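Structure record follows, encoded as structure tokens.
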Amino acid sequence: MSYVDEVIARVIEKNPGEPEFHQAVKEVLESLRVVVEANEEKFRKDALLERLVEPERQFKFRVPWVDDKGQVQVNTGYRVQFNSAIGPYKGGLRLHPSVNIGIIKFLGFEQIFKNSLTGLPIGGGKGGSDFDPKGKSDREVMAFCQSFITELYRYIGADTDVPAGDIGTGAREIGYMYGQYKRLTGLYEGVLTGKGLSFGGSLARTEATGYGLLYLTQELLKLNGKDINGMTAAVSGSGNVATYAIQKAQQLGVKVVTCSDSNGWVYDPDGIDVAALKEIKEVKRARLTEYKNYRPNSEYHEGRGVWSVKVDLALPCATQNELHLEDAQQLVANGVTAVCEGANMPTTLEATEYLQKNGVIFAPGKAANAGGVATSALEMSQNSERLSWSFDEVDAKLKDIMVNITHNMADAAERYGMAGNYVAGANIAGFEKVVNAMNAQGIV
Ligand code: NDP
């Protein structure tokens with residue numbers, strides 16, 4: 001059996017009940033096969049892949065808090081510090097009832113390569129909890145965040161591990177966590193990113209993942225001789241990534257006709273109204289059923305369906321495994337040009353293969369959504385030098401980073417004879433830098 005197959009089999013055996021982690025490892029290692037097989041004996045002797053798929057350490061802890069009725073609630077908290085070869089651990093905190101150790105490991109593993117791709121000195125980590133902020137009062141969210149950090153604070157720090165937002169963790173949650181960290185440690189340091197602007201946050205961080213997705217999509221289309229201006233797009237999700245992806249898409253001349261949440265989806269033939277979306281989701285914290293009150297011409301449908309609409313671009317920006325094989329078939333039948341992932345691993349392996357085989361330009365999340373973590377690293381830099389850069393300065397750096405990522409992944413794919421396979425290109429480009437650093441640092 002080849003080394004890659006051996007390691008995949010061992011990961012499945014050693015980490016039972018973690019299908020998302022298996023899926024992420026398979027996707028990455030399959031596309032690294034050419035690189036590994038060119039030097040298989042050395043990789044095997046150094047157990048390079050075993051070290052790559054085993055987190056450096058992981059924490060699992062109890063998070064007790066009291067709800068508004070006086071009832072004690074108990075959640076589970078996680079932080080996986082996956083790989084620090086190229087910098088301090090960096091990756092978000094996900095607050096969602098579906099969170100378990102397998103989900104956090106899949107996200108942490110992906111984060112290693114994504115962070116490497118940004119060209120910035122950040123290692124890979126991820127964390128979160130099965131707490132659901134939806135429907136909770138501000139006081140309940142604060143009680144949870146304070147309890148969560150009361151345990152986590154021992155393991156994080158501006159130069160060791162710097163968490164950020166993710167699903168369910170926005171500016172409100174980061175604010176409460178930061179306050180508790182400061183209270184416990186007495187340190188005013190850049191330990192979390194995605195902070196409010198009045199206490200060390202970076203301009204353009206809120207917009208960064210969505211904007212970055214569109215900068216990469218625009219450049220990738222250009223590389224393939226196509227102009228984004230005038231295209232139509234379907235977006236899924238209506239959270240942070242989706243909202244700013246829609247906004248930037250519109251600025252680039254794209255008409256976005258859908259968005260969704262976990263209950264249903266909206267079709268707006270005139271183009272999604274971003275101001276209405278922000279008011280519903282960010283101010284009222286309400287459901288998308290409200291959208292019709294702002295845009296009578298739009299349609300609301302229960303369940304899934306954004307990928308059934310005929311568009312040029314599909315931008316999945318909600319969650320993992322939300323674009324299935326049937327959706328890919330439907331998109332291809334409708335003549336889609338490109339699928340670029342705003343979320344982490346939103347496309348199943350079968351759907352990805354189908355899209356690639358049918359000539360669709362496919363950009364994986366670890367490249368396409370890297371603008372978020374890249375701008376988080378820019379926030380770390382600003383915190384370290386105790387300065388704040390202007391919106392335009394951060395946005396220009398973000399754009400440069402996304403353009404570089406686009407070329408790096410395209411070039412890496414080409415170097416290994418897989419031109420146009422951006423999944424392989426992103427994995428290889430991210431892997432090369434991490435492996436160089438791991439080799440140079442010895443067996444640690
Ligand atoms: P948000 O919590 O702001 O929004 C998530 C959106 O996805 C919401 O519309 C939510 O709907 C929907 N959603 C969540 N879970 C599900 C589900 N199981 N089924 C259907 N819809 C769901 O999160 P973000 O926008 O920050 O994150 C979205 C994706 O992007 C995630 O994969 C995240 O890991 C990734 N990402 C985020 C980055 C960031 O900077 N925020 C950076 C890089 C990647 P509802 O409101 O009903 O829950």
Side-chain angles (χ1 to χ4, degrees), residues 20 24 90-99 103-104 106-108 110-111 113-115 117-118 124 126-128 130-135 163-174 192-194 201-202 204-213 216 235-247 258-266 272 277-278 280-282 284-291 302-307 315-324 340-347 364-379 398 402:
E20 293 86 1
K90 182 97 198 80
L93 296 170
R94 178 172 292 192
L95 300 182
H96 193 271
S98 64
V99 164
I103 301 249
I104 299 298
F106 121 62
L107 291 163
E110 290 274 301
Q111 198 84 42
F113 307 97
K114 179 191 307 192
N115 292 4
L117 273 173
T118 64
K126 198 82 189 188
D130 56 358
F131 173 76
D132 188 358
K134 232 178 281 162
D166 190 71
I167 290 180
T169 307
R172 174 181 61 170
E173 290 75 17
I174 292 287
L192 289 156
T193 56
S202 173
R205 172 60 188 95
T206 307
E207 295 83 356
T209 309
Y211 277 24
L213 169 67
L216 178 134
V235 168
S236 65
S238 51
N240 171 269
V241 180
T243 303
Y244 294 97
I246 297 171
Q247 187 170 79
T258 70
C259 64
S260 67
D261 62 19
S262 43
N263 299 111
W265 61 287
V266 162
I272 297 291
L277 190 62
K278 282 191 189 171
I280 295 166
K281 286 290 166 180
E282 292 174 11
K284 296 187 173 168
R285 294 187 188 269
R287 311 305 300 163
L288 277 181
T289 37
E290 294 239 340
Y291 185 84
E302 287 290 328
R304 307 174 69 251
V306 290
W307 314 125
L315 306 174
C317 295
T319 191
Q320 65 272 4
N321 293 329
E322 51 151 319
L323 197 161
H324 308 156
C340 299
E341 296 184 324
N344 283 312
M345 210 169 74
T347 315
K366 68 169 71 65
N369 69 32
V373 74
T375 308
S376 277
L378 301 179
E379 182 174 330
L398 166 66
M402 299 314 295

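Start at 1 and go down the list; that is how both ligands and their atoms are numbered. Only a predicted model underlies this, so the values are computations on that prediction, with no experimental measurement involved.
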Trp307: what forms a ring-ring contact (aromatic ring centres under 6.0 Å, His included) with it, not counting sequence neighbours? none
Using a 3.5 Å cut-off on N or O atoms only, is Lys126 in polar contact with ligand 1? no
Do the side chains of Leu213 and Cys340 get nearer than 4.5 Å, heavy atoms only? yes
How long is the straight-line distance from CE of Met345 back to CG of Asn369, given to the nearest 0.5 Å? 12.0 Å
Do any N/O atoms on Gly168 end up under 3.5 angstrom from N/O atoms on ligand 1? yes
Using a 4.0 Å heavy-atom cut-off, which part of Ala164 comes near ligand 1: side chain, backbone, both, or neither? neither
Can you name the atoms of ligand 1, numbered from 1 with element, that are less than 4.0 Å from a heavy atom of Thr209? 38 (C), 39 (C), 40 (O), 42 (C), 43 (C)
Identify, for atom 41 (N) of ligand 1, the protein heavy atom at the shortest distance, and state residue, atom and that distance. Asn240 OD1, 3.5 Å
Using a strict 4.0 Å cut-off to heavy atoms of Arg94, name the atoms of ligand 1 that fall inside it. 31 (C), 32 (O), 33 (C), 34 (O)
Report the distance from atom CD of Gln111 to atom CG of Asp166, rounding to the nearest 0.5 Å. 8.5 Å
Take every heavy atom of Gly365, measure it against each atom of ligand 1, and state whether any distance is under 4.0 Å. no
Nearest-neighbour protein heavy atom for atom 17 (C) of ligand 1, which is reported as residue plus atom name and distance: Thr319 CG2, 3.4 Å
N or O pair under 3.5 Å between Asp261 and ligand 1: no
With a 4.0 Å heavy-atom cut-off (strictly under), which part of Ala370 contacts ligand 1: side chain, backbone, both or neither? neither
Around atom 35 (C) of ligand 1, find the nearest protein heavy atom and jot down its residue, atom name and distance. Asn344 ND2, 3.7 Å
Return the residue, atom name and 0.1 Å-rounded distance of the protein heavy atom closest to atom 27 (O) of ligand 1. Ile167 CG1, 3.6 Å
For atom 47 (O) of ligand 1, what's the nearest protein heavy-atom neighbour? Residue, atom name and distance, please. Ser262 OG, 2.4 Å
Show the atoms of ligand 1 that are less than 4.0 angstrom away from any heavy atom in Ser260. 9 (O)
Between ligand 1 and Ser238, is the shortest N or O to N or O distance under 3.5 Å? yes
Roughly how far, to the nearest 0.5 Å, is the CD atom of Gln320 from the CD1 atom of Ile167? 6.5 Å
Where's the contact between Arg205 and ligand 1, heavy-atom distance under 4.0 Å: side chain, backbone, both or neither? side chain
Counting C-beta onward and ignoring hydrogens, is there a side-chain heavy-atom pair between Glu110 and Glu20 closer than 4.5 Å? no
For the side-chain contact (heavy atoms from CB on, under 4.5 Å) test, which of Thr258, Thr243, Leu277, Val235 pairs with Ile272? Leu277
Which residue and atom name correspond to the protein heavy atom nearest atom 33 (C) of ligand 1, and how close is it? Asp166 OD1, 3.1 Å
Rounded to the nearest 0.5 angstrom, the CZ-CD distance for Arg172 and Glu282 is 12.0 Å
Are any of the N/O atoms in Lys134 less than 3.5 Å from those in ligand 1? yes
Qualifying residues under side chain to side chain donor-acceptor pair (under 3.5 Å), relative to Thr209, sequence neighbours excluded: none
What protein heavy atom sits nearest atom 25 (O) of ligand 1, and how far off is it? Val241 N, 2.9 Å
Any atoms of ligand 1 less than 4.0 Å from a non-hydrogen atom of Lys281? List them with their elements. 46 (O)
Within-4.5 Å side-chain heavy-atom neighbours: Asn263 and Leu288: no
Between Glu173 and Gly170 (side chain of the first, backbone of the second, donor and acceptor by atom type, cut-off under 3.5 Å), is there such a pair? yes
Non-hydrogen side-chain atoms of Cys259 and Lys281 separated by less than 4.5 Å: no
Nearest option to atom 28 (C) of ligand 1, as decided by whichever heavy atom of Gly237, Gly239, Ala343, Ala318 sits closest: Ala318
May I ask which of Met345, His96, Arg287 has a heavy atom nearer to atom 15 (N) of ligand 1 than the others do? His96
Looking at Leu93, Ile103, Asn344, which one forms a side-chain contact (heavy atoms from CB on, under 4.5 Å) with Lys126? Asn344
For atom 10 (C) of ligand 1, is the nearest protein heavy atom closer than 4.0 Å? no
N or O contact, Gln320 vs ligand 1, cut-off under 3.5 Å: no
Which atom pair, heavy atoms only, marks the closest approach of Ser376 to Lys90? CB-CE, 3.4 Å
